[in-house]
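Just so it is clear, the values below take in all heavy atoms, side chains as well, and ignore hydrogens, waters and symmetry mates. Convention: sequence-line order gives letters A, B, ...; per-chain numbering from 1. Please read these numbers as outputs of a predicted model, since none were measured by experiment.
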Number of protein chains: 2
Amino acid sequence: MTEIDTTGTRELAKALVGLSHHVLHMFNDIGRGHDLTAQQTELVCAVIVRDRVRMSDLGKVMHLEKSNLSGLVDRTEKRGLIMRRRDPEDRRVTYVELTEEGRQVATSTHCEVTRRLNDLVAQLPAEVQLSLTEVVEKITES
Amino acid sequence: MTEIDTTGTRELAKALVGLSHHVLHMFNDIGRGHDLTAQQTELVCAVIVRDRVRMSDLGKVMHLEKSNLSGLVDRTEKRGLIMRRRDPEDRRVTYVELTEEGRQVATSTHCEVTRRLNDLVAQLPAEVQLSLTEVVEKITES
DNA sequence: ATGAACAGTTCTTATCATGAACCATAGAGG
DNA sequence: CCTCTATGGTTCATGATAAGAACTGTTCAT
């Protein structure tokens, strides 16, 4: 690995870490308007784009331990935004669904999230925009 | 905004959020080997690529409130990895520096971080790789 | 039936997040 | 030389998050 390579790698690392903070911090900003924490905000967004989700899948999406997720769902349920529903087919699994209020909040926040991400990538050249999703998915799926 | 646009935006949002989790979770994985939390790991990495840093700059880089950063620096200092040093020119500011042990840990973890990020982007076509840093920086700097 | 695997919960401990109040220092202007 | 204001950090209190271990129920294959 040459000097130039190292430097480039270091800059890429800085950039990617900065971007990641930027993206996840959005949930903070956006949630604040609804008096939600970042995690609660991401939770309702994750649910609304999937309609209803298993706890275990939520854990994977949000990178949370199951014990941790239990607490988050507790707090968000107490806030009246979501509810748990047992799967009658397999009574071990529980689905998370939005309440009516939860749906409203989630619609608003998720809309804001996608709007901001859109604004972010809007600065990029058109052909890069088109391939960006694919590129990012490819990066992540490993 | 058309239907197709909306769908594309939604997928992009999922992808970017997934990538961000992936990137920041790295600090978790890598830190675990050294019995460090994700934040402590990112802290020492942030210091080693900048040699010494003001508290206030660290807060910006890591998206932390100053009170929060104070605690993190406390804990990491207690672990023996960093130390604070007052700026004699302006006695309000304090710089964070690595101890000898901190430098070793930071070198190892930072190397691992860049290696993993490199592996991530290695899957991408060459011309995308070349422009990626620039693209990501442009996305973030707004 | 029995036992292994799975999905969630609960508990404990340390860490992190946030805002408000606070302290010390620096840099004006009068 | 004094205020006044701004700045950089710390401290404190409270709630939220992280991680692991032990536990409850449920399913499924012997």
Side-chain angles (χ1 to χ4, degrees), chain A residues 20-21 24-44 46-47 52-79 81-97, chain B residues 20-21 24-44 46-47 52-79 81-97:
Chain A
S20 301
H21 276 302
L24 294 186
H25 203 77
M26 258 184 5
F27 288 110
N28 230 308
D29 290 344
I30 295 172
R32 176 161 297 129
H34 299 273
D35 197 33
L36 295 177
T37 67
Q39 304 250 39
Q40 290 169 347
T41 308
E42 191 182 349
L43 173 56
V44 294
V47 175
R52 65 173 201 172
V53 210
R54 291 158 164 254
M55 294 285 288
S56 53
D57 289 336
L58 271 181
K60 281 171 204 151
V61 170
M62 297 182 64
H63 278 75
L64 293 179
E65 296 289 322
K66 55 186 181 177
S67 65
N68 198 0
L69 180 62
S70 253
L72 175 61
V73 169
D74 280 349
R75 290 185 294 274
T76 314
E77 194 173 23
K78 230 169 261 167
R79 253 354 244 52
L81 302 183
I82 59 176
M83 25 185 246
R84 287 181 232 235
R85 185 184 304 278
R86 274 281 173 72
D87 181 354
E89 306 296 312
D90 182 345
R91 292 183 46 73
R92 288 173 300 183
V93 339
T94 89
Y95 286 99
V96 176
E97 302 175 4
Chain B
S20 301
H21 277 301
L24 294 188
H25 203 77
M26 256 184 7
F27 288 110
N28 231 306
D29 290 345
I30 296 172
R32 175 161 297 128
H34 300 271
D35 197 33
L36 294 178
T37 67
Q39 304 252 37
Q40 290 170 349
T41 309
E42 191 183 349
L43 173 56
V44 293
V47 176
R52 65 173 202 172
V53 211
R54 292 158 163 253
M55 295 285 289
S56 53
D57 289 335
L58 271 180
K60 281 169 203 152
V61 169
M62 298 182 62
H63 277 77
L64 293 179
E65 296 289 321
K66 55 186 181 175
S67 64
N68 198 358
L69 180 61
S70 251
L72 175 61
V73 169
D74 280 349
R75 290 184 293 273
T76 313
E77 194 173 23
K78 231 169 261 166
R79 261 258 338 48
L81 302 182
I82 58 175
M83 27 185 245
R84 287 181 233 235
R85 184 184 305 279
R86 274 279 173 74
D87 181 354
E89 305 295 312
D90 182 345
R91 293 184 43 75
R92 288 173 301 183
V93 340
T94 89
Y95 287 98
V96 176
E97 301 175 5

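For residues 27-39 of chain B, proximity to DNA chain D is found at B/Asn28, B/Arg32, defined as any non-hydrogen atom under 4.0 angstrom from a strand atom. In the region residues 56-72 of chain A, proximity to DNA chain C at under 4.0 angstrom, judged on heavy atoms, holds for A/Ser56, A/Lys66, A/Ser67, A/Ser70.
When atom types are taken as modelled, the side chain of B/Arg79 and the backbone of B/Asp35 share a donor-acceptor pair closer than 3.5 angstrom. No side-chain donor-acceptor contact under 3.5 Å links A/Glu42 to the backbone of A/Gln39.
Nucleotide D/dA18 holds its P atom 11 Å from the CG atom of A/Leu24, rounded to whole Å. Computed from coordinates, the B/Leu43 CG to C/dT15 P distance equals 14 Å when rounded to whole Å. Spacing between atom CD of B/Glu77 and atom P of D/dG9 amounts to 14 Å, rounded to whole angstrom units. Regarding B/Met55, its CE atom lies at a distance of 15 Å from the C1' atom of C/dC23, rounded to whole Å. Atom CZ in A/Arg84 sits about 8 Å away from atom C1' in C/dT9, given to the nearest Å. C/dG8 atom C1' lies 18 Å from atom CE of A/Met83, rounded to whole Å. Rounded to a whole Å, the CD atom of B/Glu42 is 13 Å from the C1' atom of C/dC16. The distance from atom CZ of B/Arg75 to atom C1' of C/dA17 is 10 Å, rounded to the nearest whole Å.
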Taking only nitrogen or oxygen atoms into account, show me every contact under 3.5 Å that the protein makes with nucleotides 25-27 of chain C, one pair per line with its distance.
unit_1: C/dA26; atom_1: OP1; unit_2: B/Arg91; atom_2: N; d: 3.1
unit_1: C/dA26; atom_1: O4'; unit_2: B/Arg92; atom_2: NE; d: 3.4

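At least one test fails for B/Arg85 against the ring of B/Tyr95: distance under 6.0 Å to the centre or angle within 45° of the axis.
Two residues are said to be in side-chain contact when any heavy atoms from C-beta on lie closer than 4.5 Å; A/Thr94 and A/Arg54 fail this criterion.
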